[in-house]
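To find a chain, count down the sequence lines: A is the first, B the second, and so on, and within it residues start at 1.
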Amino acid sequence: MKKIMILLLTLLMVFSFTGCNRNGDKPGEDEPIKIGLTDAFTGDRAGNGQYTKEGVDMFLEYINGKGGVLGREVVVVYEDDQGNETAAVNAYQKLILENEDLTAVVLNKYSSVVLAMEPYVADSKIPAICSGSNVKIEQSTNPYLYSTRRSDYGSGATMAAFIKQEGAKRVAILYSPDALGKGMSEIVIAKLQEAGIEVVSSQQFSEGEKQFANYVAKIKESNPDFIVCIGQTSETGLIVKAIYDAGLNHIKCIGNSAFAQATTIEQAGLEASEGWYSITAFAAGTEEEPTASWIRSYTEKYGHAPEMTSVTTYDALSMICYAIEKANSTDPEAVNAELKKILNFEGIAAVYSYNGNPMLANSEFVIQIQNGKAIVLTKVIG
Amino acid sequence: MVLQLFITGISMGMLYALMAMGLILIVKAVGVLNFAHGQLFMLGAYITWSLTNQLKLPLWAMIIAMIVCFCIVGLSFMFTVYWPLRNSPWKVTVVISTLGASIALKEAVRLIWSFIPLLSKPLIDKVIRIGDAVMNVQYIFIIIISGALMLFVYFLFEKTFIGKIMQATAQNRYAAELIGIPSVVAIAGTYMISMCMSGVGGWLAAPLFLVSQSLGTFAQKAFAGIVVGGFGSIKGAVVGCVLVGLIESFSILITDAYKDAVVFGVLILVLIIRPTGIFGEKIEEKA
Amino acid sequence: MKKKKILTPKIIGKIIVAIIIIAAFIIIPLPGVVSRYMLKVYNDGLIYFIAALGLSVMLGMGGQVTYSTAGIMGVGAYITAILSTKYGWNTGLAIIVALIAGAIFSFVVGLALFRLKGSYFSFASIGLTNLLVTIFSNWMEMTEGPDGITRIPKLDVGFMKFTDFNSYFRLLFIIAIICYLFVLRLRKTSYGRALASVRDNEITAASFGVNCYMTKVYSFVIAGVFACLAGGLYAVHAGFISPEPFKYDQSAIYLIMIMLGGVDSTFGAFLGASLLTIIPEKMRWLNEYYKLIYGVGVIILMIFMPMGLMGIIDNFKYKMIGKIKKRKQSNAIETEAN
Amino acid sequence: MERVLLEVRDVNKAFGGVITAKNVDMKVMAGEIHGLIGPNGAGKTTLLNLISGIYEVDSGHIFFEGNEITNLPAHKRARLGLGRTFQSPRFMNRASIKDNLELGTDLRNQFTYIQSFFGKKGADFYSELEELMEIAGFTFDWNEHITSLPYGQQKLLEIVRAMLAHPTVILVDEPAAGLNKQEQERVSLLLRKAVDSGMGVVLIEHTMEMVMNICDNITVLNFGEVIAKGKPQEIATNPQVIEAYLGGENDA
């Protein structure tokens with residue numbers, strides 16, 4: 001028995017050396033247009049990858065149904081970045097080095113991952129559209145980097161303005177230990193102090209946290225009249241539930257876009273998420289056209305509501321195809337030049353236009369969760 | 001606020017203690033720490049989620065089905081990871097194979113139940129108020145059930161005849177076999193009880209922390225509890241874990257981000273001052 | 001019975017190996033021979049090999065299972081990154097400082113951890129790794145937390161620049177050879193024997209004058225220095241670091257490399273390191289199933305090949321020599337008989 | 001030369017309730033084979049462990065060449081010249097015979113690890129080894145694994161290894177156990193050689209025939225207590241010793 005197993009294992013290794021490696025095919029007239037995409041398909045953030053893939057499939061069905069672009073079929077090449085910075089750097093380099101004829105790339109929403117890949121995007125001179133909202137992306141001078149989102153600076157300012165408008169006096173902040181949490185909380189605190197509102201407690205929870213009862217107890221101790229929470233979708237459900245369990249739901253709470261997503265509401269439960277405000281580029285419960293009809297067709301197709309990453313990926317791909325048509329070529333430089341000329345492009349989630357910095361979106365919604373639905377209160381532009 | 005930190009600390013401590021108990025049984029039976037223990041805890045959460053939500057079993061039926069599943073899992077885990085290696089001259093091979101098992105278990109769960117965290121409803125979805133502190137009823141269940149299980153295991157091992165057999169096999173498998181103890185049965189029994197304990201832990205924790213692959217990270221706190229409490233003593237582990245829970249909870253007073261660093265810092269400090277832990281006795285190695 | 005000098009087969013064996021190494025050193029980094037991405041993978045492989053070599057001293061020779069390799073590698077990487085990006089030091093200097101800091105850090109931590117024995121030491125090393133990762137991900141001012149540090153400058157040592165993968169491959173190759181020879185030499189010294197005696201039985205070791213506690217601490221320092229060297233080289237190679245690659249489950253990979261390669265042999269560490277960097281690349285088509293097969297493969301490896309690939313090769317060699325000896329003895333008896 | 005190499009003065013040791021050593025006194029002279037006998041479980045091996053520092057004494061003192069080593073850790077006592085063998089031979093079974101023997105010579109040379117790394121070699125011990133192997137009566141292949149030697153030869157090799165370290169006193173724990181007549185003879189010759197080169201020997205052994213004819217002095221232990229001391233002939237006729245061993249004449 002031992003002999004057979006050893007034989008099998010050594011065979012496995014020998015086979016792996018000769019393993020198939022995909023050679024990049026040369027671009028020809030009828031060759032498909034190749035767009036790269038990296039997202040987390042494995043690891044703790046793998047849920048994000050699944051929603052992105054659904055957004056891509058919907059777009060490909062739509063665009064290839066219409067005869068593709070310049071008469072050529074559009075194809076998306078995936079690479080798994082596991083939602084962490086190191087694997088992302090490897091994944092991006094692998095994507096670029098193994099497919100010489102990529103026209104553009106779509107990156108994911110995790111700002112720290114995008115910032116890790118940014119130097120490599122600059123080297124490869126291929127336009128990349130991500131959905132990260134960090135201030136560092138906004139300040140980036142990389143000519144090939146874009147984002148389908150408004151920067152945290154913008155959303156932070158909107159959040160602070162909304163809190164001021166609601167007449168809050170004592171604000172408590174709880175933020176995640178990453179670029180999103182650190183970046184946005186700094187702006188919100190600065191804007192609140194400008195408006196003379198006191199920040200009574202500011203806490204950064206530890207990475208991979210599951211037990212928020214203690215952080216919420218400290219918030220309760222500082223008896224705020226407004227609570228701000230910033231985090232990723234893996235933590236938001238637990239935070240909302242912890243605040244509800246601690247009996248703080250009489251206090252107004254606002255969160256970043258992750259708090260408006262369907263998974264958060266489902267994980268926290270209807271009563272816990274009732275009344276939460278959020279500043280988000282996309283909310284599944286919105287009545288705004290064309291978003292609402294798109295959401296209906298998405299829900300019919302996949303049986304569950306979309307996440308923000310589904311719609312931002314859809315918009316990113318449609319902008320890339322729009323730029324290819326305008327440039328009438330798949331050369332990355334030409335497409336990049338066209339992307340710089342985008343003005344009031346009607347996307348699903350928002351109206352996009354390039355005005356000097358990578359952030360293409362300039363509109364956002366202030367929503368409130370009522371009975372599990374994200375109801376749009378106001379639309380903020382500029 | 002201090003009351004809230006105390007309650008959270010105790011309840012998390014009891015959860016870690018439940019995991020630590022399962023872990024210590026394996027250390028006593030096999031002499032090596034099971035590095036896949038966190039994944040068994042997570043597996044327990046997923047199995048109970050499927051039994052309640054997919055098979056829609058009523059509570060009492062689910063509990064029986066749960067125990068049966070855990071015994072099967074415990075047995076299959078033992079026969080794949082430990083049994084073929086029981087005679088290997090070098091303990092490290094068992095350690096690394098449990099490592100392989102932890103990686104494989106995490107991926108298998110991801111493939112069967114997908115990676116989106118699942119919601120599992122607590123037994124009684126209510127929150128009770130004690131002064132200004134608040135406590136989810138689920139924590140009371142954790143404290144009661146884990147306390148009961150620990151007493152059961154303590155009596156089983158210290159007082160009953162079966163316990164004596166299991167301890168004898170654990171201390172010296174060769175000698176136990178000489179006097180007619182079927183060591184397969186004894187060690188299998190230990191693995192089954194250990195899996196039931198961590199599985200029940202998973203079932204109790206799921207409603208509070210969602211059913212997800214990252215539940216396995218609690219194991220490292222349970223490890224810390226075992227060292228702080230003292231080598232291999234069941235009493236020591238329980239006290240150690242509750243202490244770790246309290247340290248973790250009260251560390252929020254000094255820092256919010258460095259919570260885990262405080263817990264592991266204390267662990268290493270305990271090693272320096274009292275390497276045998278609170279209850280551990282100095283082990284004299286026989287020449 | 002005096003130490004016989006077997007001249008021919010062993011020396012020839014050594015020459016062949018030397019030729020292969022020199023050939024690999026010259027040919028692989030030539031442009032076009034290997035795709036740029038695979039060259040990056042080979043560089044990663046060499047860096048993992050250096051860290052695995054440090055671990056092979058502790059685990060292979062000393063029998064101490066530790067999970068702190070990745071954590072301490074992180075210490076080296078972050079010191080190099082912080083010194084070269086925030087304080088503008090030359091990267092080469094930063095790596096050297098990282099080595100010294102790593103040695104001191106490992107010595108102090110080793111003194112604390114080795115008060116424990118066996119499995120309890122191993123999982124205390126898990127505690128150490130978690131402690132380090134929490135510091136990497138939360139000390140925003142220095143380590144930029146989970147975002148990590150970007151734009152770490154390439155190695156530029158005045159007269160020599162190692163900016164592209166090819167030249168960096170040559171540098172890593174030389175450093176790997178030096179480290180390999182160091183560990184090989186270590187096995188033959190009194191320290192190597194002392195460490196082996198600690199692995200097999202601490203009481204016997206003590207009765208031969210071996211200070212088990214300090215011997216284990218020194219092995220922790222050696223492993224720490226190798227890990228910091230690998231960490232520094234990794235930071236410069238990737239140009240970007242974050243807490244992710246220095247986490248607990250990354251430490252497991254180094255242990256498995258040593259067990260796969262063969263715990264008793266230094267060359268086994270190279271075999272294990274190269275296989276575990278190349279196989280994931282070639283097994284891309286398995287994607288989400290890869291990790292499951294990898295986990296199960298580790299269990300199978302432990303059951304059927306506890307002494308790793310080199311273990312099998314040694315057994316094979318051992319049996320062959322046994323056969324040759326028997327044949328010599330049998331015809332010796334025949335000649336006596338007639 | 002009546003020089004006291006090793007002195008055990010009023011040593012007590014108990015594990016929980018079990019008393020393994022009760023005010024034990026023993027002196028070992030230079031150039032002497034000192035027998036340490038007693039029924040099974042009398043505390044002989046424990047006494048050896050107490051002397052070599054594996055266990056700490058509850059009370060009492062141990063002197064080595066005049067200076068006190070009671071609180072010294074085991075490895076420091078070994079470095080002072082205290083050699084040791086074990087009931088069942090303890091070798092580094094995954095290392096070659098050469099490495100195992102060199103563990104002994106490392107103890108003699110006591111180079112620092114750094115000196116040894118930069119190639120400092122001790123004096124050539126091959127000739128000495130050959131001489132000892134002649135007495136031991138077998139040869140081996142230098143790079144062979146230790147496990148390839150039969151049990152008897154391993155026991156002999158363990159004594160040789162201890163002697164290579166040039167200890168001042170060598171503690172030998174049942175060297176002849178499980179050996180045939182011829183091998184037992186070899187053990188006596190080896191121990192005689194050790195004594196001739198100036199070492200003191202403490203010998204724990206059950207085969208009375210060997211003890212009686214090679215030991216110069218004998219201490220008898222029973223239940224951790226010294227019940228008799230003196231020359232082999234005196235011990236052979238001492239009623240208490242006989243009673244301890246045979247459980248008394250008049251028992252049924």
| field | Segment of C/Y218 engaging chain D (4.5 angstrom heavy-atom cut-off) | value | side chain
| Contact origin within C/V263 toward chain D - heavy atom pairs under 4.5 Å | side chain
| request: Take atom CZ of C/F114 as the centre, draw a 6.0 Å sphere, and report whether it contains more than 12 heavy atoms from other residues, nucleotides or ligands. | output: yes
| Check: D/F86 and C/T204 side chains under 4.5 Å, non-hydrogen atoms | yes
| Reported OH-to-CE distance for the pair D/Y113 and C/M214, which is rounded to 0.5 angstrom | 9.5 Å
| query | Of the backbone (N, CA, C, O) and the side chain (C-beta and beyond), which part of C/M307 lies under 4.5 Å from a heavy atom of chain D, both, or neither? | reply | side chain
| task | Taking all heavy atoms of C/R193 and all of D/E102, pick out the closest pair and write down the distance. | result | NH1-OE1, 2.9 Å
| message | Can you tell me which portion of D/S148 sits under 4.5 Å from chain C's heavy atoms? Options are side chain, backbone, both or neither. | response | side chain
| task | For residues C/G209 and D/A78, report the shortest heavy-atom separation together with the two atoms involved. | result | N-CB, 3.4 Å
| remark: Heaviest contributor of heavy-atom pairs below 4.5 Å to chain D, chosen from C/T215, C/D264, C/N211, is C/N211
| Could you walk me through whether D/R90 and C/I203 pass the side chain to side chain contact (heavy atoms under 4.5 Å, CB included) check? | CA-CA 9 Å; D/R90 301 244 180 136; C/I203 292 172; 4.1 Å; yes
| said: Here's a test for you: under side chain to side chain contact (heavy atoms under 4.5 Å, CB included), which of D/L103, D/D106, D/N100 qualifies with C/F208? | reply: D/L103
| query | Tell me, side chain or backbone of C/R187 under 4.5 Å from chain D's heavy atoms, or both, or neither? | reply | neither
| task | Under 4.5 Å, counting heavy-atom pairs only, tell me which of D/L82, D/L171, D/L107 racks up the most with chain C. | result | D/L107
| Minimal non-hydrogen separation, D/F117 against C/T189, with atom names | CA-CG2, 3.5 Å
| What do the steps show when you test D/H75 against C/V210 for side chain to side chain contact (heavy atoms under 4.5 Å, CB included), and what is the final call? | CA-CA 6 Å; D/H75 65 273; C/V210 170; 5.7 Å; no
| field | D/I54 side, atom CD1; C/S207 side, atom OG - distance, nearest 0.5 Å | value | 5.5 Å
